[in-house]
Amino acid sequence: MRFRSLIYSEILLLRFVQFLCLSQGYDFFYFVQMWAGSYCDTKKGCCYPTTGKPTTNFTIHGLWPHYSNDKSPSNCNGNSPFDQTKISDLMSRMQNSWPTVACPKNSGTKFWSHEWKKHGTCSESVLDQHAYFEAGLNIKDKVNLLQILENAGIKPDDKFYKVDDIKEAIKAGTGHTPAVECNNDPSRSSQLYQVYLCVDTSGSDIIECPVIPIRKCNASIQFPIF
Ligand code: AMP
């Protein structure tokens, strides 16, 4: 009898550990690219990184693990601090494709550390720190959003474009439906701020989004000069 209840409690413990492991998982990533021109063109403004003005292209905001039930894990491992020495070989790509525009002016460490702690630690069972940042950089290299938009006649020229045309162009260029997020410039014009695409759990391929994030934009939005 004692033996049976021992086995039973071991099974329960195993199930609990399994549950903990599964609840640390994720179903896909949001890969979020931003238009720094729109981040800067707000009341709050921005600061260019110490390495200089970012290139006139979309840059990476983050690679965010997400669940199919539309919840997202965050801050999954307080014992895994950001360690820049682990990505020293990626530094020039980081500065080019994943630059900070937060104030006060800095090199980017603070932004990368935030992204790693809040999001990266939640996919650490699959991608270690180097693999996580490299995955973001590699996807960015696969999708040239600015080129895709320019091919459709949509340029960062301060003009207004239909948000549906922007989405259509990105869908045609990537093969997948994006989500577009807007913010407001100081005169309250809605402008193109971020583009969301979805990526498989290994961080390598763009996939159709299991959940398309809902972000508000006016029907026509400005694409600011940067
Ligand atoms: P997250 O918590 O990953 O959603 O990121 C949000 C935070 O990142 C906010 O504090 C933003 O102001 C900041 N942020 C977004 N893009 C950038 C960027 N390119 N450089 C620095 N901070 C950024």
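What's counted below: heavy atoms across the whole structure, side chains too, no hydrogens, waters or symmetry copies. Whatever order the structure lists ligands and atoms in, that order sets their numbers, starting from 1.
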*Verify whether the ring centers belonging to F133 and W98 lie closer than 6.0 Å.*
yes
Margin query: Pairs of nitrogen or oxygen atoms closer than 3.5 Å, one from I60 and one from ligand 1: do any exist?
Written below: no
Practice problem: Specify whether F29 and Y132 have parallel, tilted or perpendicular ring planes, treating 30° as the upper limit for parallel and 60° as the lower limit for perpendicular. | Solution: tilted
Salt bridge (charged side-chain N to carboxylate O under 4.0 Å, His left out) pairs touching residues 86-111, sequence neighbours excluded, are R93-D141
Could you tell me whether Y193 and ligand 1 have an N or O pair separated by under 3.5 Å? no
Going hydrophobic residue to hydrophobic residue with side-chain gaps under 4.5 angstrom, can you get from Y161 over to F226? yes
If you scan protein heavy atoms around atom 12 (O) of ligand 1, the nearest is Y39 OH, 3.2 Å
One finds that the ligand 1 atoms under 4.0 Å from a non-hydrogen atom of K118 are 1 (P), 2 (O), 4 (O)
- Query: Mind checking whether M34 and V101 have side chains closer than 4.5 Å, heavy atoms only?
  - Reply: yes
- Task: Could you walk me through whether Q95 and T51 pass the side chain to side chain donor-acceptor pair (under 3.5 Å) test, one step at a time?
- Result: CA-CA 7 Å; Q95 285 158 0; T51 43; 5.1 Å; no
message = Tell me whether atom 10 (O) of ligand 1 lies less than 4.0 Å from at least one protein heavy-atom position.
response = no
So the atoms of ligand 1 within less than 4.0 Å of a heavy atom of M34 turn out to be 16 (N), 17 (C), 18 (C), 19 (N)
| said: Yes or no: does W64 have any heavy atom under 4.0 Å from an atom of ligand 1? | reply: yes
So the atoms of ligand 1 within less than 4.0 Å of a heavy atom of A102 turn out to be 20 (N), 21 (C), 22 (N)
Give a yes-or-no answer on whether the side chains of D185 and S187 include a donor-acceptor pair shorter than 3.5 Å. yes
| query | Do W35 and Y196 belong together in a cluster built from hydrophobic side chains that touch within less than 4.5 Å? | reply | no
K110: heavy atom below 4.0 Å from ligand 1, yes or no?
-> no
Q) With under 30° as parallel and over 60° as perpendicular, where do the rings of Y193 and Y39 fit, or are they tilted in between? A) tilted
When distances are taken from atom 7 (C) of ligand 1, the protein heavy atom at minimum range is H114 NE2, 4.0 Å
- Query: Stepwise, does the side chain to side chain donor-acceptor pair (under 3.5 Å) test hold for N218 with S220?
  - Reply: CA-CA 5 Å; N218 288 354; S220 275; over 6 Å; no
Logged contact type for A36 with ligand 1, heavy-atom cut-off 4.0 Å, is neither
Of all protein heavy atoms, the one nearest atom 8 (O) of ligand 1 is H61 NE2, 3.7 Å
Closest to atom 17 (C) of ligand 1 (heavy atoms only, candidates F111, Y30, W112) is F111
Any protein heavy atom nearer than 4.0 Å to atom 21 (C) of ligand 1:
yes
Exercise. For ligand 1, is G108 a contact, meaning one of its heavy atoms is under 4.0 Å away?
Worked result: no
Heavy-atom proximity to atom 3 (O) of ligand 1, picking from K44, E115, K117, points to E115
